[in-house]
Every structure is written in C-alpha cells, then in structure tokens.
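Structure, as structure tokens:
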Amino acid sequence: MCGVLRSSDAGKKAVLMGWVNRRRDLGNLVFIDVRDRTGVTQVVCNKELNPAIHEKASRLRNEYVIAAIGTVKQREPNTINRNIPTGEIELVAEELRILNEAKQPPFLPGDTVLPNEELRLKYRYIDLRRDAMQFNLELRHKVAIAIRSYLSSQGFFEIETPFMTRSTPEGARDYLVPSRVQPGSFYALPQSPQLFKQILMISGCDKYFQIVRCFRDEDLRADRQPEFTQIDLEMSYPQPERVWEVVEGFLSAAFKTAGYEIKTPFPRMSYDEAIRLYGSDKPDMRLPAMNDVREAFTAENFQALAVNPNLPVMAIRIPKVGELSRKERDEIKPLFTGKGNAKLFEDFKRLEKSFPDSAAKIRAKSSAETDDLIVIVAGDDKLAEHPSEGGVKPEVKQHDHAVYTAAGLLRVALAQKYASRHRLFEKTGNASVDFRFLWVTDFPMFEWDEEGKRWAAAHHPFTSPHERDMEKLSGGLDAAEDPNSPLAAVRALAYDVVLNGTELGSGSIRIHRQDIQRKIFHALGMTEDEARARFGFFLEALEYGTPPHGGIALGLDRIVMILAGAESLREVIPFPKTARAVDLMVDAPTPVSEAQLKELGIQIRKARE
RNA sequence: GGGGACGUAGUUCAGUUGGUUAGAACGCUGCCCUGUCACGGCAGAGGCCGCGGGUUCGAGUCCCGUCGUCCCCGCCA
C-alpha cells in the first residue's frame with residue numbers, strides 16, 4: 001500500500017497501485033505522488049535510467065490510476081520530506097502501467113480549499129477520496145466494530161428486524177412503501193425498531209442490540225438526516241442503572257478506538273434540574289451553569305425594570321468574553337429568541353450603574369471574573385396580567401419553563417458566538433474535559449400539545465411512568481383534556497445520554513403491564529378501539545407473559561460526528577442527502593413511470609393551480 | 001410552513017456610486033527545467049456573472065420572481 005513503506009523496506013521490490021495525487025515534472029526527472037487510502041508515496045522516474053518509463057510518466061495526469069513497480073530506495077538526507085510518514089523513502093520505477101485514465105475532475109482530493117458542498121455531494125466518489133473523508137469512514141467502521149464486540153461480549157445478540165413494516169402513526173412522519181400485491185396498502189420504513197425490540201423481549205431474547213438504519217420523513221438539520229443509524233438495544237429485567245452501565249461500557253470502547261479514555265460512570269441530573277440550571281434537556285456541561293438571581297433584586301428594582309418577581313431571573317455567564325463594544329452588544333439581541341414572556345438585559349454595565357447592589361450580588365452568585373460576559377434573562381411583568389387563553393389561570397410552572405429555556409437557548413448561542421474567546425469548545429487532549437457526558441433522567445411522561453389541545457407522550461407511549469407517580473396518573477385520567485391536569489407532574493423512567501450539548505441517545509424502562517399501558521393510552525386521549533387499531537398486535541403480545549424490560553437507542557452518526565470533530569452529519573455519512581432530502585449524486589427522488597404506478601395502483605394528483 | 005446567508009472561469013474568490021474590453025489565485029494546455037514534494041519559469045486557452053422578468057441611455061451591480069446549496073425556527077413520540 002502507498003502509506004506503509006519505510007526506511008526499513010529499502011532495497012525491497014514493491015508494487016504501488018493508486019491514484020496520481022500530484023505530478024512534479026522537472027524535465028528529465030518526474031516525481032509522482034501515488035495515493036491510496038493509506039497514504040502517499042513518491043515514485044521517481046529518471047530519463048537517464050529508464051527513458052521509456054520517463055516518457056510514460058510525462059503523460060500521467062491527476063487522478064489517473066496507475067501501478068508502479070520498482071525498488072524502494074532510502075532517500076538522500078537532503079531530499080527527505082519530513083511532512084509525510086513515507087518521506088524517508090521513494091520508489092524508483094522500473095515499470096509503470098496506466099490502469100485507467102481520468103477526465104479532469106471538478107476538484108482534486110489533494111486540494112487545500114474545499115469546493116462547495118453541492119459539488120462535493122454530486123461528485124461524492126471524488127470527495128470520499130480525500131484524506132479527511134477516508135479518516136471518517138475508517139473511524140466509523142472502527143467505532144461500529146468496537147460497539148458490536150463490546151455488546152457481544154456482554155451477551156447481547158444482534159438481531160435484525162424488518163425494514164418493510166407497519167405504519168404506526170404518532171411521532172414522526174413515515175416513509176411509505178406501496179405494496180404491489182395488495183394495491184392501496186403500504187408498508188412503512190421504521191422510525192426505529194421500537195416495537196420489534198420489545199417483542200423480542202417477549203420472545204425471550206433477553207439482550208438484543210442492532211446497529212440499524214432508521215427513517216423519518218421530517219425536515220433536516222446539520223445533525224439530522226432522513227435516514228440515520230441507531231445503536232438500538234433492549235434488555236429484560238433491568239433497572240435504569242443497568243442500561244446506563246451498558247451504554248457507558250460501549251461508549252468507553254468506542255471512544256477508546258478513537259484514542260480517548262473517557263471516565264465512567266457519567267454524571268446524572270434530573271430533567272427538572274437540567275432545565276433550572278441550563279435551560280435545556282441536553283445541557284452543554286463545558287459551560288458554567290446559569291443562576292437564578294431573583295434575590296439580588298428588591299421589589300422596587302423589579303418594578304423599575306418591569307420584571308415579574310414571581311418568575312426566575314436568570315444570569316448567564318460566558319467566561320472570558322471581555323469588554324463588548326456597543327455594536328457587539330447590539331448583536332446579542334437577535335440571538336435572543338424568547339418570545340413576549342421573557343425579556344433580556346444584555347448590558348450588564350448599565351445594570352451595574354443603575355443597581356450597583358444587585359449587580360454585585362449577581363457577580364458573586366455567578367462567581368464571575370471581571371472579563372466574563374453576564375447577561376440577564378427575566379420574566380416580563382406583563383405576564384401576570386395576561387390570563388392564558390380559555391380563561392385558565394396561568395400555570396406558573398409553565399412560565400418558569402419559558403424563561404429557563406429562553407435563557408438556555410441564549411446561553412448556547414452566546415457560547416457559540418464567542419467560542420474563540422472562551423475556548424471551552426477547543427480540544428485540550430484531556431478526554432474528561434473535552435467530552436462532557438451526562439445522563440438526564442426523570443423526564444416528564446407527558447407534554448401538553450398546544451395545537452392538538454391534548455397530552456402527548458414526551459418519549460413514546462410505551463414508556464413506564466415512575467412507580468411513585470402512578471397515583472397522579474390515575475388522578476389525571478379524568479382531566480386528560482386539561483393542560484393543568486396532574487398528568488403534568490407524572491415522571492417517566494426515561495433517560496437521555498447527552499454529550500457536549502448534543503443528545504446522543506434516548507431510552508426508557510417500558511411498560512410491561514397491560515393495565516398501565518391502557519391508562520397511558522387513555523391519558524393520551526386514545527380510545528380502546530383506537531389503541532387496538534394502531535397497536536393491537538403489540539397489546540396482544542403484552543398479554544402473553546411479558547418480562548419487565550427497557551433499553552435505549554443512540555445515534556451512531558452523531559457519535560462519530562463528535563469524534564471526528566465534524567460540524568455536520570454529512571461528513572460521516574458516505575452518501576448523505578441535502579436539506580431538501582435529495583441525493584445529488586444519484587439524483588433521488590425521481591418521478592416513476594406510469595407503468596410502475598399503474599402496477600401499484602397509484603395515481604399522482606396534478607399539482608394544484 | 002417561516003426567517004436568514006450564499007450563487008461571477010473547472011475550483012476558491014475579488015469586482016468601487018449602475019459606466020467602456022469582468023479580474024486574481026489554484027487547476028487546465030503547450031514549451032523549458034535532474035532532487036522536487038503546495039516544485040519553479042515562460043506562453044496560452046477558459047465566462048449564459050444560477051435562471052426569468054423589470055427599472056435604466058446603460059445592470060455582475062438596483063427591484064420583483066424563480067431555482068439550487070447551507071444555517072436556524074416550526075417539525076423530529
């Protein structure tokens with residue numbers, strides 16, 4: 001291979017096959033850098049030694065595929081290239097074959113500046129020849145192998161589940177596959193193997209895992225592709241702690257293959273705490289927590305600032321940002337996405353001038369250094385006068401939440417904006433500082449769906465509520481259409497694993513009892529008949545002796561993305577899709593022929609007006 | 001569904017207040033060059049300024065629309 005020859009190989013015969021990475025033609029002396037996925041080696045063609053080969057070498061162009069046969073030669077000391085691993089040797093060509101020519105590519109894998117992403121995706125096969133992409137592909141392979149072998153060693157079986165399965169509405173939109181044999185009926189591609197893995201527990205496969213593709217027809221983001229890969233696992237009889245232990249185990253193994261020793265167990269934090277301290281259910285622990293600095297203000301202060309004293313007043317601290325100019329302060333406002341009910345004080349200096357006592361207390365409480373940026377987010381005092389629609393009394397908790405999350409979003413936005421100043425996002429080489437893992441636990445069981453005016457499952461409807469909240473669940477059933485119902489307080493045995501502010505995975509202990517499952521469906525506003533229609537097969541399975549079980553699923557792409565230090569999933573997925581879910585290389589999706597549609601019994605409605 | 005950024009040579013970009021023949025670097029083609037390694041030198045080719053419309057004596061530049069890529073909100077149990 002092109003990256004493996006060293007001084008110790010000097011004198012040996014070698015055959016190098018690969019692409020012409022670069023040709024340096026000095027006239028009677030031609031150097032060719034031959035590249036394959038392992039690296040680059042210099043091949044020398046000397047007119048004096050071998051005129052025929054030299055002539056052939058002059059005809060080579062970038063990205064030709066060649067075979068060079070020759071003798072490995074230790075280079076003279078003054079011609080050694082210390083920048084590459086093979087720089088101490090070169091191959092003196094004795095035979096040169098052009099295995100294939102190449103058109104001039106739209107860009108070269110060896111280029112220092114990347115072309116725009118559209119071009120990279122269209123000519124993905126050229127883009128993938130680049131070192132960085134080869135590195136990412138290898139990293140992904142190694143991570144997957146490490147996870148497989150760890151889970152296998154722990155007694156997990158990798159078991160495949162169908163891709164063509166049943167649409168179970170709720171959650172994301174399905175990708176549908178029409179049935180030819182049964183016109184008018186459709187399979188759905190799985191959003192996750194959720195029900196299959198639970199059924200595997202009922203089937204006696206008490207430790208299951210799968211590195212599996214999942215499909216969701218939702219809008220894309222830098223960290224969201226319509227098809228993505230999950231590390232999916234499920235086990236019988238576990239406490240949540242047991243699931244966490246398994247995940248910590250395979251993540252350690254995965255990070256180890258990438259050269260990082262991470263510390264386990266990961267810290268844990270309840271959902272409520274995460275919201276209060278970080279304004280997010282996926283806190284980035286590399287940054288300091290926020291502080292509720294309500295006590296720093298007097299009643300008069302609140303009035304003067306038009307701030308609601310009954311709501312949190314959150315101090316966000318971003319370290320080492322330093323003095324901000326007027327213009328820079330103005331740039332903070334657009335980052336703040338809090339709507340109507342939260343307000344922003346981005347100018348701490350002014351606060352210090354007008355309310356020196358409060359400002360001093362805030363500084364102390366946030367342990368702020370002089371060059372730290374402090375920004376305050378508070379509740380608008382108009383809130384109290386605004387009863388929420390429908391005449392229901394305002395839910396204080398809900399408004400608290402709005403202030404926390406508005407502050408949390410701003411915290412992350414500010415941190416990103418000033419990343420180069422606080423340097424907390426830069427890799428230090430110390431894995432326990434660079435990779436801040438966290439378990440977020442005790443998620444709420446239900447979320448109020450403002451649009452549908454009903455409660456929805458926060459995780460999924462098969463998640464087990466906390467034992468201690470069973471009464472609230474039963475109590476809430478009569479008020480299943482009331483946003484203030486006790487259902488809001490029901491906590492689930494659900495947990496997320498978070499890394500540096502990215503949700504890596506999400507899991508739960510599941511419901512294994514029919515009666516509780518029925519109550520959950522009821523709370524979600526589903527009648528017995530509706531539940532039967534959607535999940536009948538599963539409810540029936542639950543009745544045949546279901547062991548308690550639970551599990552989790554982690555995004556493999558996101559793990560590899562973070563390990564690769566990439567900003568987008570597209571860097572670690574060989575053939576990704578654009579923001580409009582198009583594959584630019586194969587140009588998919590496409591219309592299909594009338595004949596194909598006819599066979600499937602499908603008619604396309606003409607675009608409206 | 002909404003908001004924002006971008007679109008000029010094969011590629012990455014520059015292009016003044018709307019003004020005459022649209023530039024640079026890399027790449028490409030040819031010639032020269034025996035120790036280069038992002039080789040060097042000389043010469044040259046290469047443009048539907050995304051597309052369509054409008055304003056104007058005149059549009060790469062201003063306006064409207066449209067297409068494409070990226071980022072964000074909504075959405076993603």
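The sequence lines fix the lettering, A, B, ..., with proteins before strands; numbering per chain opens at 1.
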Counting side-chain heavy atoms from CB outward, which of [options] is closest to [X]?
X: A/R216; options: B/C76, B/G35, B/C71; value: B/C76
X: A/A222; options: B/C76, B/C71, B/C70; value: B/C71
X: A/R75; options: B/G35, B/C75, B/U69; value: B/G35
X: A/E48; options: B/C71, B/U34, B/A38; value: B/U34

message: If you assign each of A/V582 and A/L409 to its closest nucleotide in RNA chain B, which residue comes earlier from the 5' end?
response: A/V582

Considering just the side-chain nitrogens and oxygens of [X], establish if one lies under 4.0 Å of OP1 or OP2 belonging to [N].
X: A/N116; N: B/U12; result: yes
X: A/R24; N: B/A38; result: no
X: A/N83; N: B/C37; result: no

message: So is the aromatic ring of A/F107 stacked onto the base of B/U11, judging by whether the centres are under 5.5 Å apart and the planes are under 30° apart?
response: no

Could you tell me whether [X] contacts a base, only the sugar-phosphate backbone, or nothing, with contacts defined as non-hydrogen atoms closer than 4.0 Å?
X: A/E76; result: nothing
X: A/Q42; result: base
X: A/N81; result: base
X: A/K73; result: base
X: A/I520; result: nothing
X: A/L220; result: nothing
X: A/N46; result: base
X: A/S192; result: base
X: A/E90; result: base
X: A/R580; result: sugar-phosphate
X: A/I84; result: nothing
X: A/T79; result: base
X: A/Q194; result: base

Can you find a donor-acceptor pair, distance only, under 3.5 Å between [X] side chain and [N] base?
X: A/D219; N: B/G74; answer: yes
X: A/R570; N: B/U69; answer: no
X: A/R22; N: B/G27; answer: no
X: A/E117; N: B/G68; answer: no

Classify the side-chain pair [X]/[Y] by whether it contains a donor and acceptor separated by less than 3.5 Å.
X: A/T502; Y: A/N500; value: no
X: A/N50; Y: A/E94; value: no
X: A/R24; Y: A/Q42; value: yes

Say you pick atom [atom1] in [N] and the same atom in [M]; how far apart are they, in whole Å?
N: B/C6; M: B/U16; atom1: P; result: 14 Å
N: B/G54; M: B/A38; atom1: C1'; result: 47 Å
N: B/U20; M: B/G60; atom1: P; result: 10 Å
N: B/C72; M: B/C28; atom1: C1'; result: 39 Å
N: B/G19; M: B/C13; atom1: P; result: 24 Å
N: B/C37; M: B/G46; atom1: P; result: 31 Å
N: B/U8; M: B/G1; atom1: C1'; result: 32 Å

Could you give the [atom1]-to-[atom2] distance, from [X] to [N], as a whole number of Å?
X: A/N62; N: B/C28; atom1: CG; atom2: C1'; value: 10 Å
X: A/E218; N: B/C73; atom1: CD; atom2: P; value: 14 Å
X: A/L91; N: B/G35; atom1: CG; atom2: P; value: 20 Å
X: A/Q225; N: B/C70; atom1: CD; atom2: C1'; value: 13 Å
X: A/E118; N: B/A5; atom1: CD; atom2: P; value: 19 Å
X: A/R124; N: B/U69; atom1: CZ; atom2: P; value: 14 Å
X: A/R221; N: B/G3; atom1: CZ; atom2: C1'; value: 12 Å
X: A/R120; N: B/U69; atom1: CZ; atom2: C1'; value: 12 Å

Test of ring centre spacing under 6.0 Å for [X] and [Y]:
X: A/F521; Y: A/F535; result: yes
X: A/F163; Y: A/Y187; result: no
X: A/Y278; Y: A/Y404; result: no

- prompt: Going by the angle between their ring planes, with limits at 30° and 60°, are A/H460 and A/F462 parallel, tilted or perpendicular?
  reply: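 Rings of A/H460 and A/F462: tilted, as their planes differ by 30° to 60°.
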
- prompt: Does CE in A/M585 sit with more than 12 non-hydrogen atoms of other residues, nucleotides or ligands closer than 6.0 Å?
  reply: yes

Nucleotide N/O to protein N/O under 3.5 Å, stretch nucleotides 43-45 of chain B:
none

field: Lys/Arg-Asp/Glu bridge criterion (N-O < 4.0 Å) met for A/K47, A/E55
entry: no

Salt-bridge criterion met for A/E218 and A/R224 (N-O under 4.0 Å):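 Result for this pair is no, no salt bridge flagged.
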
- request: Provide the closest heavy-atom pair for A/A489 versus A/K472 in the form atom of the first, atom of the second, distance.
  value: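 Reported closest heavy-atom pair: CB-CD, 3.8 Å.
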
message: Testing the basics here: between A/G507 and A/D496, what is the closest heavy-atom pair and its distance to 0.1 Å?
response: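 It is N-OD1, 4.5 Å.
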
Taking any strand in view, what nucleotide pairs with [N] in a Watson-Crick or G-U wobble way, both distances under 3.5 Å?
N: B/G27; result: none
N: B/G52; result: B/C64
N: B/C57; result: B/G19

Taking only N/O atoms, report every protein-nucleotides 29-33 of chain B pair under 3.5 Å with atom names and distance.
from	atom 1	to	atom 2	distance (Å)
B/U29	OP1	A/R61	NE	2.7
B/G30	OP2	A/R61	NH2	3.3
B/C33	N3	A/D25	O	3.1
B/C33	N3	A/G27	N	3.3
B/C33	N4	A/D25	O	3.4
B/C33	N4	A/D25	OD1	3.4
B/C33	N4	A/G27	N	3.4

message: Quick check on salt bridge (charged side-chain N to carboxylate O under 4.0 Å, His left out): which of A/R35, A/R23, A/R22, A/K103 does A/E63 satisfy it with?
response: A/R35

side-chain contact (heavy atoms from CB on, under 4.5 Å) partners for A/P115, two or more places apart: A/F107, A/L119, A/R120

